[in-house]
Visitor: 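Here you go, one structure.
Read the numbers this way: they start at 1 and go in the same order the structure lists the ligands and their atoms. Residue numbers run from 1 in the order of the sequence given.
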Amino acid sequence: MKVFFIGTSACIPGKGEETASFLINEHILVDTGWCNVLKMKEYGFAPEKLNYLILTHLHQDHYIGLPQLLFYLGMRKADGIHSPQWPLTVIGPSEKLEYILKKTEEFLQVERFQELSLQLQPYVLIPGKIYEDENIRLETMSAKHVSGADQPEAALVCKLTDKHSSGTVCFTGDTSYHPPIADFAKGVPILIHDSCHTSADDAAATAKAAGVDRLFLIHHPVSANAEKLREAQAVFPASFLAEAGKSIEI
Ligand SMILES: [Zn+2]
Ligand SMILES: [Zn+2]
């Protein structure tokens, strides 16, 4: 399994940066960042190979690149260039997923430009449930995350296996410190943990309790890199920064 970090930064990316999002085995995208299509092309990937989009939760910084992605895929489809695995399965943690996909299609005027229609397959995956088909198995638990008004936000912590390659990866999406993640991540080699809503040392404590081989910190401001790494390694030496433009092999 190969995980490629397209972006690693906080909610609003700085110049040349992209918000936390990554590509698994070139066909599973986790969150869209702000401008993933352009970033994927810059890094030599073909967005039309995607057949799964997993939205860890429905905060804007995790789906704001959706119109660009769907427009790009629609244009490629109209050109006759598309993945044999389409339609694209879009997985997210609440009914808001269907609302956002519908609004995005309206924004793209798909009704007027039918050639852009992708026949998306939304799949609402309530945190704690499992999605499984012939390609992937996605186990989930609930993250500990809130919205602006301090309301709990449906948000997925995920354990993903791509059945066509060996390896499983666990990623938290946005979460405050949430010790049950350690149990959930037991037996998984790699944990990719939010280090924006959780302090780096608490993320490291979770990784240590889970017994993972390596921890990757993601979603904090890039300017905090050195400090975050130092804090995490003090608790769990096998802590690393997720680095945009780089991949990890599992
Ligand atoms: Zn976020
Ligand atoms: Zn969030």
Visitor: Any N/O/S of His197 under 2.8 Å from the Zn ion (ligand 2)?
Guide: no
Visitor: Has His62 got an N/O/S atom less than 2.8 Å from the Zn ion (ligand 2)?
Guide: no
Visitor: Has Lys186 got more than 12 heavy atoms of other residues, nucleotides or ligands less than 6.0 Å from its NZ?
Guide: yes
Visitor: Can you name the N, O or S atom of His59 that is closest to the Zn ion (ligand 2)?
Guide: ND1
Visitor: Can you tell me if, anywhere in Glu153, an N/O/S atom lies at a distance from the Zn ion (ligand 2) that is smaller than 2.8 Å?
Guide: no
Visitor: State, yes or no, whether a side-chain contact exists between Glu249 and Met1 at a heavy-atom distance under 4.5 Å.
Guide: no
Visitor: Ion pair present between Glu98 and Lys103, side-chain N to carboxylate O less than 4.0 angstrom?
Guide: no
Visitor: Where the Zn ion (ligand 1) is the corner point, what angle links OD2 of Asp174 with OD2 of Asp61, to 10°?
Guide: 160°
Visitor: Whether Lys159 engages the ring of Phe184 as a cation-pi pair (distance to the six-membered ring centre under 6.0 angstrom, angle to the ring normal within 45°) should be assessed.
Guide: yes
Visitor: Determine whether a donor-acceptor pair (N or O, by modelled atom type, separation under 3.5 Å) exists between the side chain of Ser239 and the backbone of Phe236.
Guide: yes
Visitor: When you measure from the Zn ion (ligand 1) to the N, O or S atoms of Asp194, does any of those distances fall below 2.8 Å?
Guide: no
Visitor: Tell me whether the Zn ion (ligand 1) has His219 as a neighbour, meaning an N, O or S atom of it below 2.8 Å.
Guide: yes
Visitor: Quick check for you: to the nearest 0.5 Å, what is the distance between His220 atom NE2 and Asp194 atom CG?
Guide: 10.0 Å
Visitor: Within less than 2.8 Å of the Zn ion (ligand 2), any N, O or S from Cys11?
Guide: no
